[in-house]
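Heads up, the thing below is written out as structure tokens.
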There are 2 protein chains.
Amino acid sequence: MDERVPRDFETLRTTILERRQSLPKRIAQIAAYALDNPDDIAFGTAASIAASAGVQPSTLIRFAQQLGFDGFTSLQLVFRERLRERNSSYDERLAALRAKAEEGAGHRAIFDGFVAAASTSLNDISGRLNEDHFEAAITLLAKAETIYVLAKRRSYPVASYIAYALGKLKIRNQLIESAAGLNAEMISFASPRDAVIAISFSPYAPATIEEARVISEQRVPIVAITDSSFSPLAQFAKVWFEVAEADFAGFRSLSATMALAMALTVAVGEKRRDTAGKRKA
Amino acid sequence: MDERVPRDFETLRTTILERRQSLPKRIAQIAAYALDNPDDIAFGTAASIAASAGVQPSTLIRFAQQLGFDGFTSLQLVFRERLRERNSSYDERLAALRAKAEEGAGHRAIFDGFVAAASTSLNDISGRLNEDHFEAAITLLAKAETIYVLAKRRSYPVASYIAYALGKLKIRNQLIESAAGLNAEMISFASPRDAVIAISFSPYAPATIEEARVISEQRVPIVAITDSSFSPLAQFAKVWFEVAEADFAGFRSLSATMALAMALTVAVGEKRRDTAGKRKA
DNA sequence: GGCAATATGAAATAATAATTCCAATCCATA
DNA sequence: TATGGATTGGAATTATTATTTCATATTGCC
């Protein structure tokens, strides 16, 4: 048998889809069933699967043979392997990571801890994002002539990624950082037709808060990403997001903040394209 | 048989752990094996499992019976059910996010897309991290007098977070960035007693590659985080990590890279503390 | 140390499941 | 519409696998 036998599920899947047209009716029927109910194939017996799919066991074996396997059993192995390779359930895995991290078993534990913290944060924000706030922020930012990006210290990486992405999307932006200590001057150029994305988490970098205050007094609308409603940033912001980042070893994850920041950025880009399109039309 | 038979894996697990002490030796042996290798129980045959666990098939059946099942087959069902269920929750949720993101239903979809990309990346790296490389990198960095951090453009946010964290941990470091265009001079100070963390993904920023080349010619050891073994960074590095980041809307996630970067940083901090402690003692 | 109760190993047996085979049916083509 | 080839259904066969049984070993207790 020199025919190439699919060894992994993805190859198998592709092969089946390719041949779908040329397969006899009943074989096609079991093929469809297999792709729709891979778990059943993995666990069932030839008889039970055949029954669920509405064919004879022999058809199931012919199906396997058509694909180059020597019988149902070898086909089934591929479906089982797929389940094995899939990682354990999310919660189980997270718990395991956290456990390993907590018992402090060497350096690997540190890595696991950060992965767990990031996953937790993402999980958390994905359920909590307020969609109205999100839309409001996008609208506000899409109208801005220049988007100022304001963040220091721990939040600075997010700001720099926002600036990078905005640049890529050809949206005029200004990262408020200055080796020459000219932040105040930079800020003074901002007008109500601009907008600000400000990011700060407890303990809030005083410079960020102060700059946010100044800029809000110039009536420049602020979108804030912060960690609680008591955040001093919230009071200056037109729209603000509460992001709870899990921490590990004293360093908080940035994954949720990053995801939100990127989503904001790209959504603004998209909104601008839409608006520009409409204006032209 | 009015004994309560555990129906789901968690209950079963608890039951086994409770009774562990009171089980006969071989039964305890298979019990431990079952909890350690649940996948094998789900897929194997009584004979194969017994062989792997180093017991007789009959012992396996006795184990099942002790737990209230009427045979190995019914016990196995619980282990199979577990596999079925665990696939549904997390992966389905992720798939749902991705699907929503792909069908492009509004701005919320963009957010979902980034969350999904970040989760996928974390998921991926958590299974793939090479522990030997990780240890090697930590050892190498812990010995360095100064840690240079090198990354541009998309990878720059990671570099800035590393620099922030290293600073917090009081580890001497130098982020290679210079508004004044003095990168080359900065690099020229690096010696073989220092070390570099370099981060670059395709399309590799030419400046990063060039600087990595120069610095490696000065015999400064480099730890690289990059995206494939073909990466030009890999050839200059003493140790390198392959990180596959999922992307969305043209922007790759940074979550896995961030987690790895933070883990490296904190592990280096810890290793230094340990070493310092030993030296004192 | 001896005895009973319990646990274990190994092979025989029963059960279950996969595969094969052949007759019946379907389908395309002349 | 007749004919050959492909496809299908269903039962018979073969294989694999779970379970049982019984002899042997181990353990705890008097």
Side-chain angles (χ1 to χ4, degrees), chain A residues 1 3 5-6 12 15-16 19-34 37-81 83-84, chain B residues 1 3 5-6 12 15-16 18-34 37-81 83:
Chain A
M1 195 162 291
E3 189 176 355
V5 181
L12 178 58
T15 311
I16 292 175
R19 298 213 204 152
R20 182 151 56 169
Q21 305 304 330
S22 65
L23 291 173
K25 194 171 63 155
R26 291 264 116 117
I27 309 256
Q29 186 175 330
I30 192 74
Y33 182 86
N37 308 68
D39 289 9
D40 287 357
I41 307 280
F43 290 124
T45 68
S48 72
I49 296 165
S52 311
V55 301
Q56 289 292 322
S58 44
T59 306
L60 182 45
I61 286 156
R62 288 181 194 120
F63 167 59
Q65 287 168 343
Q66 286 242 0
L67 291 167
F69 297 95
D70 51 46
F72 165 68
T73 309
S74 359
L75 170 73
Q76 192 177 40
L77 283 180
V78 174
F79 282 77
R80 292 190 165 180
E81 207 43 50
L83 284 185
R84 270 194 135 89
Chain B
M1 195 164 290
E3 192 176 356
V5 181
L12 178 59
T15 311
I16 292 175
E18 270 169 12
R19 298 213 204 153
R20 183 150 56 169
Q21 304 305 331
S22 64
L23 290 174
K25 194 170 67 159
R26 292 262 113 119
I27 309 259
Q29 187 175 330
I30 192 73
Y33 183 87
N37 309 68
D39 288 11
D40 287 357
I41 307 281
F43 290 123
T45 66
S48 71
I49 295 165
S52 312
V55 301
Q56 291 291 324
S58 44
T59 307
L60 183 45
I61 285 156
R62 287 180 195 122
F63 168 59
Q65 288 168 343
Q66 286 241 0
L67 292 167
F69 297 97
D70 51 46
F72 164 69
T73 309
S74 358
L75 169 74
Q76 194 178 38
L77 284 180
V78 174
F79 283 78
R80 292 190 165 180
E81 205 44 50
L83 280 186

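Computed from a predicted structure; not experimentally measured.
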Short side-chain N/O contact from A:Thr73 to OP1 or OP2 of D:dT16, under 4.0 Å = no
In Å and rounded to the nearest 0.5 Å, what is the CD1 to CZ distance from A:Ile16 to A:Arg20?
-> 9.5 Å
Are any side-chain N or O atoms of A:Gln76 and backbone N or O atoms of A:Thr45, one a donor and one an acceptor, separated by less than 3.5 Å?
-> no
When you check the side-chain N and O atoms of B:Arg26 and B:Gln29, is any donor under 3.5 Å from an acceptor?
-> yes
Could you tell me whether B:Ile27 contacts a base, only the sugar-phosphate backbone, or nothing, with contacts defined as non-hydrogen atoms closer than 4.0 Å?
-> sugar-phosphate
Where along nucleotides 20-29 of chain D does protein come under 4.0 Å, by heavy atom, of base (B) or sugar-phosphate alone (S), with - for untouched nucleotides?
-> BB--------
Any N/O pairs under 3.5 Å between the protein and nucleotides 12-17 of chain C? List them or say none.
none

Please give, in whole Å, the distance from D:dT8 P to A:Leu60 CG?
-> 13 Å
Is there a side-chain polar atom (N or O) of B:Gln56 under 4.0 Å from OP1 or OP2 of C:dA10?
-> yes
A:Pro24 vs A:Arg62 side-chain heavy atoms within contact, under 4.5 Å | no
Return the value, rounded to whole Å, for the distance between atom CZ of B:Phe63 and atom P of C:dT8.
-> 13 Å
Over all heavy atoms of both residues, which pair between B:Phe63 and B:Ala34 is shortest? Give the atoms and the distance, please.
-> CE2-CB, 4.3 Å
Mind checking the CD1-CG spacing from B:Ile49 to B:Asn37? Nearest 0.5 Å is all I need.
-> 9.5 Å
Round to the nearest Å and state the distance from A:Gln66 atom CD to D:dT8 atom C1'.
-> 13 Å
d(CD1, B:Ile30; P, C:dT8) in whole Å | 12 Å
When every non-hydrogen atom of A:Gly71 is compared with those of A:Ala64, the smallest separation belongs to O-CB, 3.4 Å
Provide, to the nearest angstrom, the distance between the CD atom belonging to A:Gln29 and the C1' atom belonging to D:dG9.
-> 13 Å
Tell me whether the OP1 or OP2 atom of D:dG9 has a side-chain N or O from A:Thr59 closer than 4.0 Å.
-> yes
Taking the side chain as C-beta and beyond, is there a heavy-atom pair between A:Phe79 and A:Leu12 under 4.5 Å?
-> yes
Backbone N/O of B:Phe43 and side chain of A:Arg80: donor-acceptor pair under 3.5 Å | yes
